[in-house]
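For reference, the structure discussed in these notes is given below.
Counting from 1, the numbers follow the sequence of the chain as shown. Heavy-atom basis, side chains included; hydrogens, waters and symmetry copies ignored. Quick caveat, the model's predicted, so the values are computed rather than measured.
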Amino acid sequence: MRTFENKVVIVTGASSGIGRATAIAFAKEGAKVIVSDVQEKDGLATVEEIKKDKGEAHFIQCDVSSEEQVKNLVDKTLAKYGRLDCAYNNAGVEGSPCSTVECSTENWDKTININLKGVWLCMKYEIPAMLKYGKGSIVNCSSIAGLVGFETIPAYVASKHGVIGLTETAALEFAKKNIRVNAVCPGAIHTPMLDRFTHGEEKAMAEQDPMGRVGRPEEIADSVLWLCSDKSSYVTGQSIAVDGGWVAH
């Protein structure tokens, strides 16, 4: 039997990059995947890719910074499948590059609202849904920027540090209720976000990495699936760097 056979999983930010790779990986392991994103066209493309491989997926549009839309996402998931077993809260934006003193309020609020408030809202509604069935696993997407500082992306760094603190808090609150909450901290991964951040020049990022390359979205997906599976049944409250050793050097 495949690892997530008949399990129901929500993946936010699933229209491209790490989110799309993770949604596809869950489906290949038998999960019924709720593909969620604010981008409808690309989200539906992820669903079609899953269905072409005979997987099961359904798209629900959602802006994770909106409590009403997040509640709707979880309510519709329960209405369609009757349960929620796992969630990967991945939706995020990088924000505009600027120094701490040059960061605009608009840039700060948008980045924090999507990256941090969005994770909180998702857990606010996912956890009660999981508690109904007595078990669940959540993985939140932080970043190596949640572990160390980076110049010119203050809002992003603050949001990703916040995700780790929020992950640890929720993990402690629900550890005895069989809900595990962990975070994955990707390094430089070949995604549209990295292309925007580096202006298409990934070589410099690769040269800074101990492995001498950027990562693949599928490598993050593998870590997410492990954290959601029973193979990590004694792991909660952890933030795992998947970065080729970047934060270790």
Side-chain angles (χ1 to χ4, degrees), residues 2-4 9-31 33-39 41-53 55 57 59 62 64 86-95 114-115 118-119 122 137-147 150 153 156 159-160 163 182-206 208-229 232 239-247:
R2 293 176 293 179
T3 303
F4 294 94
V9 180
I10 288 175
V11 179
T12 67
S15 69
S16 65
I18 294 170
R20 173 175 284 183
T22 304
I24 291 169
F26 269 122
K28 286 181 178 178
E29 286 297 325
V33 183
I34 296 295
V35 171
S36 182
D37 204 287
V38 72
Q39 302 292 340
K41 181 180 178 181
D42 292 338
L44 288 170
T46 300
V47 170
E48 287 307 307
E49 189 165 345
I50 288 170
K51 289 183 175 180
K52 277 196 298 184
D53 200 30
F59 177 75
C62 179
V64 296
C86 305
Y88 178 40
N89 298 321
N90 167 74
V93 295
E94 68 272 27
I114 294 172
N115 293 4
V119 168
C122 285
S137 182
I138 293 172
V139 177
N140 297 321
C141 191
S142 181
S143 166
I144 55 172
L147 299 169
F150 282 85
I153 47 172
Y156 184 81
S159 71
K160 294 303 185 178
V163 167
N182 292 288
V184 66
C185 300
I189 308 298
H190 182 64
T191 62
M193 182 183 286
L194 185 66
D195 287 342
R196 291 192 299 270
F197 184 72
T198 64
H199 305 289
E201 296 293 332
E202 292 182 359
K203 185 178 179 182
M205 298 291 289
Q208 294 178 43
D209 194 281
M211 287 190 173
R213 66 176 178 88
V214 299
R216 294 177 290 106
E218 292 78 11
E219 291 175 304
I220 306 303
D222 287 343
S223 299
V224 173
L225 265 65
W226 179 77
L227 286 169
C228 282
S229 76
S232 62
S239 300
I240 299 177
V242 187
D243 65 348
W246 198 93
V247 295

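- The shortest side-chain heavy-atom distance between Cys122 and Val64 falls under the 4.5 Å cut-off.
- Distance check: Glu219 CD to His190 NE2 gives 12.0 Å after rounding to the nearest 0.5 Å.
- Using a 4.5 Å heavy-atom cutoff, the side chains of Thr22 and Leu225 are in contact.
- By the 4.5 Å heavy-atom criterion applied to side chains, Val119 and Asn115 are not counted as neighbours.
- In this structure, Asn90 and Gly13 approach most closely via the heavy-atom pair ND2-O, 3.0 Å.
- Qualifying side-chain contact (heavy atoms from CB on, under 4.5 Å) partners for Glu49, counting only residues two or more places apart in sequence or in other chains: Arg20, Ile24.
- In terms of heavy-atom proximity, Ala31 sits nearest to Val9 at CB-CG2, 3.8 Å.
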>> Run the side-chain contact (heavy atoms from CB on, under 4.5 Å) test on Asn89 and Val139 for me, step by step, so that the C-alpha distance in whole Å, both residues' side-chain angles and the decisive distance to 0.1 Å come before the verdict.
In response: CA-CA 6 Å; Asn89 298 321; Val139 177; over 6 Å; no
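- One finds the CD1 atom of Ile153 at 9.0 Å from the CD atom of Glu94 (value rounded to the nearest 0.5 Å).
- Val33 and Ala27 get closest at one heavy-atom pair: CG2-N, 3.7 Å.
- The backbone N or O of Cys141 lies less than 3.5 Å from a partner atom in the side chain of Lys160, making a donor-acceptor pair.
- Gly43 and Val35 get closest at one heavy-atom pair: O-CG1, 3.6 Å.
- Counting only distance, with no hydrogens or angles, the side chain of Asp243 and the backbone of Gly245 share a donor-acceptor pair below 3.5 Å.
- Taking every heavy atom of both residues into account, Val11 and Ala23 meet most closely at CG2-CA, 4.2 Å.
- The side-chain heavy atoms of Tyr88 and Ile10, taken from C-beta on, include no pair separated by under 4.5 Å.
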>> With side-chain contact (heavy atoms from CB on, under 4.5 Å) as the criterion, how do Tyr156 and Val93 come out once you've worked through the C-alpha distance, each side chain's angles and the decisive distance to 0.1 Å?
In response: CA-CA 8 Å; Tyr156 184 81; Val93 295; over 6 Å; no
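- Of the inter-residue distances, the one linking Asn182 atom CG with Ile138 atom CD1 reads 10.0 Å to the nearest 0.5 angstrom.
- Classified by interplanar angle (parallel below 30°, tilted 30° to 60°, perpendicular above 60°), the ring pair Phe150/Trp246 is parallel.
- If you check the side chains of Ser15 and Asp37, you find a donor sitting under 3.5 Å from an acceptor.
- Here the CZ-CD distance, from Arg2 to Glu29, works out to 7.5 Å after rounding to the nearest 0.5 Å.
- To the nearest 0.5 Å, the span separating CZ on Phe59 from CG on Asp42 amounts to 9.0 Å.
- Taking 4.5 Å as the limit, every side-chain heavy atom of Ile189 sits out of range of all side-chain heavy atoms of Val214.
- Looking at heavy atoms from C-beta onward, Cys62 lies in side-chain contact with Ser36 at the 4.5 angstrom threshold.
- For Ser232, the side chain to side chain donor-acceptor pair (under 3.5 Å) criterion is met by Arg180, not counting sequence neighbours.
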>> Let's go through Cys185 and Ser143 carefully: what are the C-alpha distance in whole Å and the side-chain angles of both, what is the deciding distance for side-chain contact (heavy atoms from CB on, under 4.5 Å) to 0.1 Å, and is it a yes or a no?
In response: CA-CA 4 Å; Cys185 300; Ser143 166; 5.5 Å; no
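- Nearest approach of Ala57 to Val47, heavy atoms of both residues: O-CG1, 3.8 Å.
- The distance from atom OG1 of Thr12 to atom CD1 of Ile34, rounded to the nearest 0.5 Å, is 12.5 Å.
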